[in-house]
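Keep in mind that what you see is a predicted model, and the values were worked out from it rather than measured.
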Amino acid sequence: MTDLLASILSPERLQAGGSGPLYLKLRQTLEEAINSGRLNHGDALPPERDLAEYANISRVTVRKAVDDLVKDGLLVRRHGSGTFVVKPVSKVQQSLSRLTSFTEDMARRGLTTRAQWLDRGLFHPSPDEMMILGLPADALVARLGRLRIADDMPLAIERACISSEFLPDPAQVTGSLYAALDQQGCRPVRAVQRISAYNIKEPDAALLGVAAGAAGLSIERVSYLASGKVVEFTRSLYRGDAYDFVAELTLPDA
């Protein structure tokens with residue numbers, strides 16, 4: 001990485017970058033290296049003093065260029081860790097008129113998904129879970145916390161809660177939660193979803209690869225069986241720069 005950046009940021013290369021202030025030339029040079037893949041998602045940048053030395057420019061100039069790239073979402077600063085490259089994001093659109101799982105949404109778009117488990121097991125329900133799921137105090141709930149990743153890009157943190165009546169063994173969920181519930185004969189048929197704006201805080205920001213305070217979408221979903229019984233309560237946090245929710249609106253019948 002050191003040799004690569006020394007080559008990318010050589011004074012000769014910067015001076016050949018056309019007209020304009022030095023910070024802009026540095027910014028454009030780093031941006032081109034990120035977009036072309038010479039700098040990859042997750043790569044750590046050296047300290048600003050080293051970048052200044054490679055380019056033979058002041059640390060103030062480096063700071064301005066890096067600040068611009070952080071603002072545009074191509075770099076992220078993580079307190080105590082450093083500055084990291086963020087892969088450019090193509091926004092994903094999800095319809096609000098279809099009740100589907102994350103895995104199903106991504107599969108329809110031809111994206112490969114995987115999950116990083118944050119927690120998984122059976123627990124005594126919290127007061128909120130008891131109220132929403134309609135459970136007695138002595139019941140158990142399956143909690144599934146996952147970082148959802150599509151084509152190696154972290155998109156969402158999902159924390160689902162299901163009564164053990166419907167999901168007695170959380171370990172059986174290896175991919176789609178709805179596929180696992182379908183196998184139990186209790187896939188939800190409708191849901192109520194609440195979406196609100198949210199500024200992503202640490203440590204969620206680090207998991208999603210965004211700066212603390214970045215815009216996100218906080219989503220609560222309560223899903224129901226055909227009988228009207230609640231089967232799922234899920235809280236999710238989506239990257240605001242990577243996800244759009246789309247609703248089709250029609251005129252009411254006359």
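Here the side chains of Asp68 and Glu31 are not in contact, with every heavy-atom distance at 4.5 Å or above. Side-chain contact between Val192 and Tyr224 is present, with heavy atoms from C-beta onward closer than 4.5 Å. Looking at Leu207 and Pro154, their side chains never come closer than 4.5 Å, going by heavy atoms from C-beta outward. By the 4.5 Å heavy-atom criterion applied to side chains, Cys161 and Leu133 are counted as neighbours.
The minimum heavy-atom distance between Gly175 and Arg148, with the atom names listed, is O-NH2, 4.4 Å. A pairwise comparison of heavy atoms in Leu181 and Phe166 identifies CD2-O, 4.1 Å as the closest pair. Annotation for Val231 and Ile162: closest pair O-CG2, 3.3 Å, computed over non-hydrogen atoms. Nearest approach of Leu144 to Pro170, heavy atoms of both residues: CD2-CB, 3.7 Å. In this structure, Gly209 and Val76 approach most closely via the heavy-atom pair O-CG1, 4.2 Å. Considering every non-hydrogen atom in both Pro125 and Val141, the closest pair reads CB-CG1, 3.8 Å.
Annotation: salt bridge (Lys or Arg N to Asp or Glu O under 4.0 Å) contacts of Arg114 (sequence neighbours excluded): Asp152. In this structure Glu220 satisfies the salt bridge (Lys or Arg N to Asp or Glu O under 4.0 Å) test together with Arg235, sequence neighbours excluded.
With rounding to the nearest 0.5 angstrom, the CG atom of Leu155 is 12.0 Å from the OG atom of Ser236. Note: Arg77 CZ to Leu45 CG = 10.0 Å, rounded to the nearest 0.5 Å. The CG atom of Leu69 sits 10.0 Å away from the CD atom of Gln28 when rounded to the nearest 0.5 Å. Between the OG atom in Ser218 and the CD1 atom in Ile200 there is a gap of 10.0 Å [rounded to 0.5 Å]. Taking CD of Gln172 as the reference point, atom CD of Gln184 lies at 4.5 Å (rounded to 0.5 Å). Separation of atoms CG (Asp43) and OG1 (Thr83) is listed at 12.5 Å; rounding is to 0.5 Å.
Between the Arg239 side chain and the Leu208 main chain, a donor and an acceptor come within less than 3.5 Å of each other. Between the Arg120 side chain and the Val173 main chain, a donor and an acceptor come within less than 3.5 Å of each other.
Linking ILVMFWY residues whenever their side-chain heavy atoms come closer than 4.5 Å, directly or via other members, leaves Met131 and Leu225 in distinct clusters. The hydrophobic clustering, which links ILVMFWY residues whose side-chain heavy atoms are closer than 4.5 Å, places Leu74 and Leu51 together. Under the 4.5 Å side-chain heavy-atom criterion for grouping Ile, Leu, Val, Met, Phe, Trp and Tyr, Val230 is not connected to Met130 through any hydrophobic cluster. If you chain together hydrophobic residues whose side chains sit under 4.5 Å apart, Leu26 and Ile34 fall into the same group. Note on Leu177 and Ile132: separate hydrophobic clusters, where clusters join Ile, Leu, Val, Met, Phe, Trp and Tyr whose side-chain heavy atoms are under 4.5 Å apart, directly or indirectly.
The pair Arg59-Glu48 fails the salt-bridge criterion, with no side-chain N (NZ, NE, NH1 or NH2) lying under 4.0 Å from an Asp/Glu carboxylate O. Between Glu129 and Arg159 there is no salt bridge, since no side-chain nitrogen of the basic residue lies less than 4.0 Å from a carboxylate oxygen of the acidic one.
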Carefully, step by step, assess Leu140 and His124 under the rule side-chain contact (heavy atoms from CB on, under 4.5 Å). CA-CA 5 Å; Leu140 291 176; His124 292 293; 3.7 Å; yes
Decide side-chain contact (heavy atoms from CB on, under 4.5 Å) for Glu158 and Ile219; before the verdict, give the C-alpha distance in whole Å, the side-chain angles of both, and the deciding distance to 0.1 Å. CA-CA 9 Å; Glu158 179 184 274; Ile219 301 170; over 6 Å; no
Does the pair Val85 and Leu75 meet the rule for a side-chain contact (heavy atoms from CB on, under 4.5 Å), with working shown? CA-CA 5 Å; Val85 174; Leu75 296 176; 4.0 Å; yes
Passes side-chain contact (heavy atoms from CB on, under 4.5 Å), Thr29 versus Leu9? Steps please. CA-CA 7 Å; Thr29 299; Leu9 301 180; 4.1 Å; yes
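Applying the side-chain hydrogen bond (donor to acceptor under 3.5 Å, both in side chains) test to every pair with at least one member in residues 225-234, sequence neighbours left out, gives these pairs: Glu165-Lys229, Tyr178-Glu232, Ser223-Glu232, Glu232-Thr234.
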